[in-house]
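Below is one structure; the comments refer to it alone.
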Amino acid sequence: MADQRRDLLDTFVKYATTLSGDEKGEAQVFLDRLFQGFGHAGYKEAGATLESRVRAKDKGTRFADLLWTPRVLIEMKKRGQNLALHYDQARDYWHDTYPKPRYVVLCNFDEFWVYDFFNQSDPVDAVRLEEVPNRYLSLAFLFPEEVKPQFGNDRVAVSRKAANAVAEAFNELIARGEDRARAQRFVLQCVF
(Lines give C-alpha, C1' and ligand atoms only; values in the text may rest on other atoms or scores of the structure.)
Protein backbone atom coordinates (compact mmCIF):
# COMPACT_ATOMS: atom_id res chain seq x y z
CA MET A 1 0.00 0.00 0.00
CA ALA A 2 2.77 2.47 0.94
CA ASP A 3 4.67 1.67 -2.29
CA GLN A 4 1.54 2.22 -4.35
CA ARG A 5 0.98 5.57 -2.63
CA ARG A 6 4.58 6.62 -3.28
CA ASP A 7 4.27 5.63 -6.96
CA LEU A 8 1.15 7.79 -7.43
CA LEU A 9 2.78 10.69 -5.62
CA ASP A 10 6.01 10.30 -7.62
CA THR A 11 3.91 10.63 -10.77
CA PHE A 12 2.30 13.79 -9.37
CA VAL A 13 5.68 15.32 -8.43
CA LYS A 14 7.15 14.56 -11.86
CA TYR A 15 4.19 16.25 -13.52
CA ALA A 16 4.18 19.23 -11.13
CA THR A 17 7.84 19.97 -11.87
CA THR A 18 6.96 20.47 -15.56
CA LEU A 19 4.64 23.37 -14.68
CA SER A 20 5.87 26.96 -14.73
CA GLY A 21 3.98 27.72 -11.50
CA ASP A 22 1.54 30.27 -12.89
CA GLU A 23 -1.23 30.65 -10.31
CA LYS A 24 -3.97 31.66 -12.74
CA GLY A 25 -3.14 29.24 -15.53
CA GLU A 26 -1.91 26.13 -13.73
CA ALA A 27 -3.23 26.02 -10.17
CA GLN A 28 -6.37 24.09 -11.08
CA VAL A 29 -4.56 21.38 -13.05
CA PHE A 30 -1.94 21.17 -10.25
CA LEU A 31 -4.71 20.62 -7.68
CA ASP A 32 -6.46 18.03 -9.85
CA ARG A 33 -3.20 16.11 -10.25
CA LEU A 34 -2.55 16.45 -6.51
CA PHE A 35 -5.88 14.73 -5.82
CA GLN A 36 -5.00 12.03 -8.35
CA GLY A 37 -1.68 11.55 -6.55
CA PHE A 38 -3.60 10.90 -3.34
CA GLY A 39 -5.75 8.23 -4.96
CA HIS A 40 -8.79 10.12 -6.26
CA ALA A 41 -9.96 10.19 -9.88
CA GLY A 42 -9.65 13.98 -9.54
CA TYR A 43 -10.71 16.88 -7.31
CA LYS A 44 -14.29 16.89 -8.70
CA GLU A 45 -14.79 13.18 -8.10
CA ALA A 46 -13.53 13.65 -4.52
CA GLY A 47 -16.22 16.30 -3.95
CA ALA A 48 -13.93 19.34 -3.79
CA THR A 49 -14.77 22.71 -5.31
CA LEU A 50 -12.42 24.99 -7.22
CA GLU A 51 -12.75 28.77 -6.81
CA SER A 52 -15.07 28.32 -3.85
CA ARG A 53 -16.91 31.48 -2.80
CA VAL A 54 -15.88 32.86 0.57
CA ARG A 55 -18.15 35.61 1.83
CA ALA A 56 -16.93 38.09 4.41
CA LYS A 57 -19.04 40.97 5.72
CA ASP A 58 -16.31 43.58 5.39
CA LYS A 59 -14.54 42.25 2.27
CA GLY A 60 -17.33 41.00 0.01
CA THR A 61 -16.98 37.75 -1.90
CA ARG A 62 -13.55 36.24 -2.44
CA PHE A 63 -12.54 32.90 -3.95
CA ALA A 64 -10.51 30.16 -2.28
CA ASP A 65 -8.64 28.07 -4.84
CA LEU A 66 -9.98 24.75 -3.50
CA LEU A 67 -12.38 23.78 -0.74
CA TRP A 68 -12.99 20.18 0.25
CA THR A 69 -15.40 20.34 3.16
CA PRO A 70 -14.83 19.35 5.91
CA ARG A 71 -11.21 18.43 5.30
CA VAL A 72 -9.18 21.19 3.68
CA LEU A 73 -9.04 24.63 2.12
CA ILE A 74 -6.10 25.10 -0.28
CA GLU A 75 -4.86 28.50 -1.39
CA MET A 76 -2.40 28.51 -4.28
CA LYS A 77 0.26 31.14 -4.98
CA LYS A 78 2.61 31.42 -7.92
CA ARG A 79 5.92 29.59 -7.84
CA GLY A 80 8.54 31.37 -5.78
CA GLN A 81 6.07 33.37 -3.70
CA ASN A 82 6.91 33.71 0.00
CA LEU A 83 4.02 31.86 1.63
CA ALA A 84 4.41 33.80 4.88
CA LEU A 85 3.12 36.88 3.05
CA HIS A 86 -0.20 35.10 2.42
CA TYR A 87 -0.88 33.84 5.94
CA ASP A 88 -3.53 36.50 6.65
CA GLN A 89 -5.43 35.64 3.48
CA ALA A 90 -5.46 31.92 4.27
CA ARG A 91 -6.51 32.51 7.88
CA ASP A 92 -9.25 34.94 6.80
CA TYR A 93 -10.60 32.46 4.23
CA TRP A 94 -10.69 29.77 6.91
CA HIS A 95 -12.35 32.14 9.37
CA ASP A 96 -15.06 33.08 6.85
CA THR A 97 -15.76 29.51 5.65
CA TYR A 98 -18.67 27.54 7.12
CA PRO A 99 -18.41 24.79 8.07
CA LYS A 100 -14.72 25.29 8.81
CA PRO A 101 -12.34 22.83 7.15
CA ARG A 102 -10.03 20.95 9.49
CA TYR A 103 -6.86 22.01 7.65
CA VAL A 104 -5.65 24.89 5.49
CA VAL A 105 -2.81 24.52 2.99
CA LEU A 106 -0.85 27.36 1.42
CA CYS A 107 1.05 26.17 -1.66
CA ASN A 108 3.37 27.87 -4.15
CA PHE A 109 3.90 24.84 -6.42
CA ASP A 110 7.17 24.07 -4.59
CA GLU A 111 6.06 23.72 -0.98
CA PHE A 112 2.99 23.03 1.11
CA TRP A 113 2.47 24.84 4.42
CA VAL A 114 -0.14 22.95 6.44
CA TYR A 115 -2.17 24.75 9.10
CA ASP A 116 -4.50 23.45 11.81
CA PHE A 117 -6.05 26.72 13.00
CA PHE A 118 -8.14 24.83 15.57
CA ASN A 119 -4.93 24.17 17.52
CA GLN A 120 -2.16 26.61 16.57
CA SER A 121 -1.51 29.64 14.38
CA ASP A 122 1.82 28.61 12.85
CA PRO A 123 2.14 25.74 10.36
CA VAL A 124 1.94 22.23 11.77
CA ASP A 125 4.21 21.22 8.91
CA ALA A 126 5.95 22.44 5.76
CA VAL A 127 6.61 19.94 2.99
CA ARG A 128 8.63 20.60 -0.15
CA LEU A 129 7.19 19.23 -3.40
CA GLU A 130 9.98 16.68 -3.85
CA GLU A 131 9.42 15.41 -0.27
CA VAL A 132 5.73 14.57 -0.82
CA PRO A 133 6.24 10.90 -1.86
CA ASN A 134 8.16 10.20 1.38
CA ARG A 135 6.39 12.65 3.72
CA TYR A 136 2.85 12.12 2.47
CA LEU A 137 1.54 11.56 6.01
CA SER A 138 1.73 15.34 6.54
CA LEU A 139 -0.95 15.59 3.83
CA ALA A 140 -2.74 12.32 4.71
CA PHE A 141 -6.06 14.15 5.05
CA LEU A 142 -6.08 14.23 1.22
CA PHE A 143 -6.49 10.44 0.90
CA PRO A 144 -9.99 9.16 0.07
CA GLU A 145 -10.04 7.11 3.27
CA GLU A 146 -9.45 8.49 6.77
CA VAL A 147 -5.70 8.46 7.45
CA LYS A 148 -4.44 10.33 10.50
CA PRO A 149 -1.88 12.96 9.47
CA GLN A 150 1.51 13.10 11.16
CA PHE A 151 3.00 16.56 11.45
CA GLY A 152 6.51 17.76 12.23
CA ASN A 153 5.49 20.87 14.20
CA ASP A 154 2.34 19.77 16.02
CA ARG A 155 2.64 21.67 19.29
CA VAL A 156 -0.41 19.99 20.81
CA ALA A 157 1.08 16.53 20.28
CA VAL A 158 4.47 17.68 21.59
CA SER A 159 2.83 19.24 24.66
CA ARG A 160 0.93 16.02 25.40
CA LYS A 161 4.09 13.97 25.05
CA ALA A 162 5.99 16.31 27.37
CA ALA A 163 3.15 16.29 29.92
CA ASN A 164 3.13 12.49 29.89
CA ALA A 165 6.91 12.39 30.45
CA VAL A 166 6.61 14.77 33.41
CA ALA A 167 3.76 12.71 34.87
CA GLU A 168 5.80 9.50 34.48
CA ALA A 169 8.78 11.11 36.24
CA PHE A 170 6.54 12.30 39.07
CA ASN A 171 4.95 8.85 39.47
CA GLU A 172 8.39 7.19 39.45
CA LEU A 173 9.61 9.51 42.21
CA ILE A 174 6.51 8.74 44.32
CA ALA A 175 6.97 5.00 43.69
CA ARG A 176 10.54 5.32 45.03
CA GLY A 177 9.16 6.80 48.23
CA GLU A 178 9.97 10.46 47.59
CA ASP A 179 7.86 13.02 49.47
CA ARG A 180 4.91 14.05 47.23
CA ALA A 181 5.43 17.83 47.64
CA ARG A 182 9.16 17.52 47.00
CA ALA A 183 8.58 15.33 43.92
CA GLN A 184 6.04 17.81 42.59
CA ARG A 185 8.40 20.74 43.14
CA PHE A 186 11.21 18.85 41.39
CA VAL A 187 9.20 17.96 38.25
CA LEU A 188 7.78 21.49 38.00
CA GLN A 189 11.32 22.90 38.20
CA CYS A 190 12.27 20.55 35.35
CA VAL A 191 9.47 22.01 33.23
CA PHE A 192 10.57 25.59 33.78
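- Remark: R91 pairs with D88 by the salt bridge (charged side-chain N to carboxylate O under 4.0 Å, His left out) rule, at least two apart or across chains.
- Note: the hydrophobic cluster containing Y87 does not contain M76 (ILVMFWY, side chain heavy atoms under 4.5 Å, direct or indirect links).
- By the criterion of side-chain heavy atoms lying less than 4.5 angstrom apart, applied directly or through intervening Ile, Leu, Val, Met, Phe, Trp or Tyr residues, L137 is grouped together with V72 in one hydrophobic cluster.
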Compile the donor-acceptor pairs under 3.5 Å between side chains in residues 36-48 and protein atoms, sequence neighbours left out, one pair per line.
unit_1 : atom_1 : unit_2 : atom_2 : d
Q36    : NE2    : D32    : OD2    : 3.0
H40    : NE2    : L142   : O      : 2.7
E45    : OE1    : G42    : N      : 3.3

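- For Q4, the side chain to side chain contact (heavy atoms under 4.5 Å, CB included) partners two or more places apart in sequence, or in a different chain, are M1.
- Between L66 and L34, every side-chain heavy-atom pair lies at or beyond the 4.5 Å cut-off.
- Under the 4.5 Å side-chain contact rule for hydrophobic residues, V147 and V132 share a cluster.
- Residue W113 holds its CH2 atom at 14.0 Å from CD of E75, rounded to the nearest 0.5 Å.
- V127 and V104 fall into different hydrophobic clusters, where Ile, Leu, Val, Met, Phe, Trp and Tyr side chains are chained together by heavy-atom contacts under 4.5 Å.
- The ring-ring contact (aromatic ring centres under 6.0 Å, His included) check on Y93 picks up nothing, with sequence neighbours excluded.
- Residues satisfying the ring-ring contact (aromatic ring centres under 6.0 Å, His included) test with W94, not counting sequence neighbours, are F117, F118.
- Put simply, CD on Q81 and SG on C107 are 12.0 Å apart, with the number rounded to the nearest 0.5 Å.
- In this structure, R102 pairs ionically with D116, as a charged nitrogen and a carboxylate oxygen lie closer than 4.0 Å.
- Contacts of F63 classified as side chain to side chain contact (heavy atoms under 4.5 Å, CB included), with partners at least two apart in sequence or in another chain: E51, R53, T61.
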With a cut-off of 3.5 Å and sequence neighbours excluded, list every side-chain donor-acceptor pair involving residues 6-20.
unit_1 : atom_1 : unit_2 : atom_2 : d
R6     : NE     : N134   : OD1    : 3.4
T11    : OG1    : D7     : O      : 3.0
T17    : OG1    : V13    : O      : 3.4
T17    : OG1    : K14    : O      : 2.8
T18    : OG1    : Y15    : O      : 2.5
S20    : OG     : E26    : OE1    : 3.1

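- Atom CG of D3 sits in a sparse spot, with 12 or fewer heavy atoms from other residues, nucleotides or ligands closer than 6.0 Å.
- I74 is listed as a side-chain neighbour of V105, based on a closest heavy-atom distance under 4.5 Å.
- When hydrophobic clusters are built by joining Ile, Leu, Val, Met, Phe, Trp and Tyr residues whose side-chain heavy atoms come closer than 4.5 Å, directly or via intermediates, L31 is not grouped with Y115.
- Smallest separation of non-hydrogen atoms from K78 and N108: O-CB, 3.5 Å.
- Every residue two or more places apart in sequence or in another chain that forms a side chain to side chain contact (heavy atoms under 4.5 Å, CB included) with E178 is listed here: L173, R182, A183.
- Note that CG of D65 is 8.0 Å distant from CD of Q28, once rounded to the nearest 0.5 Å.
- With sequence neighbours left out, the side chain to side chain contact (heavy atoms under 4.5 Å, CB included) criterion links R79 to F109, D110.
- Shown here are the ring-ring contact (aromatic ring centres under 6.0 Å, His included) partners of F141, two or more places apart in sequence or in another chain: Y103.
- P149 and A140 make their closest contact through CA-CB, 3.9 Å (heavy atoms, listed as atom of the first residue, atom of the second, distance).
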Decide side-chain contact (heavy atoms from CB on, under 4.5 Å) for L106 and Q89; before the verdict, give the C-alpha distance in whole Å, the side-chain angles of both, and the deciding distance to 0.1 Å. CA-CA 10 Å; L106 268 174; Q89 179 187 16; 5.7 Å; no
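- Counting only residues at least two apart or on different chains, the side-chain hydrogen bond (donor to acceptor under 3.5 Å, both in side chains) pairs with a member in residues 135-149 are R5-E145, D125-R135, D125-S138, E131-R135.
- Counting heavy atoms from C-beta on, the side chains of L85 and K77 never come closer than 4.5 Å.
- Residues that satisfy the ring-ring contact (aromatic ring centres under 6.0 Å, His included) test with H86, not counting sequence neighbours, are absent from this structure.
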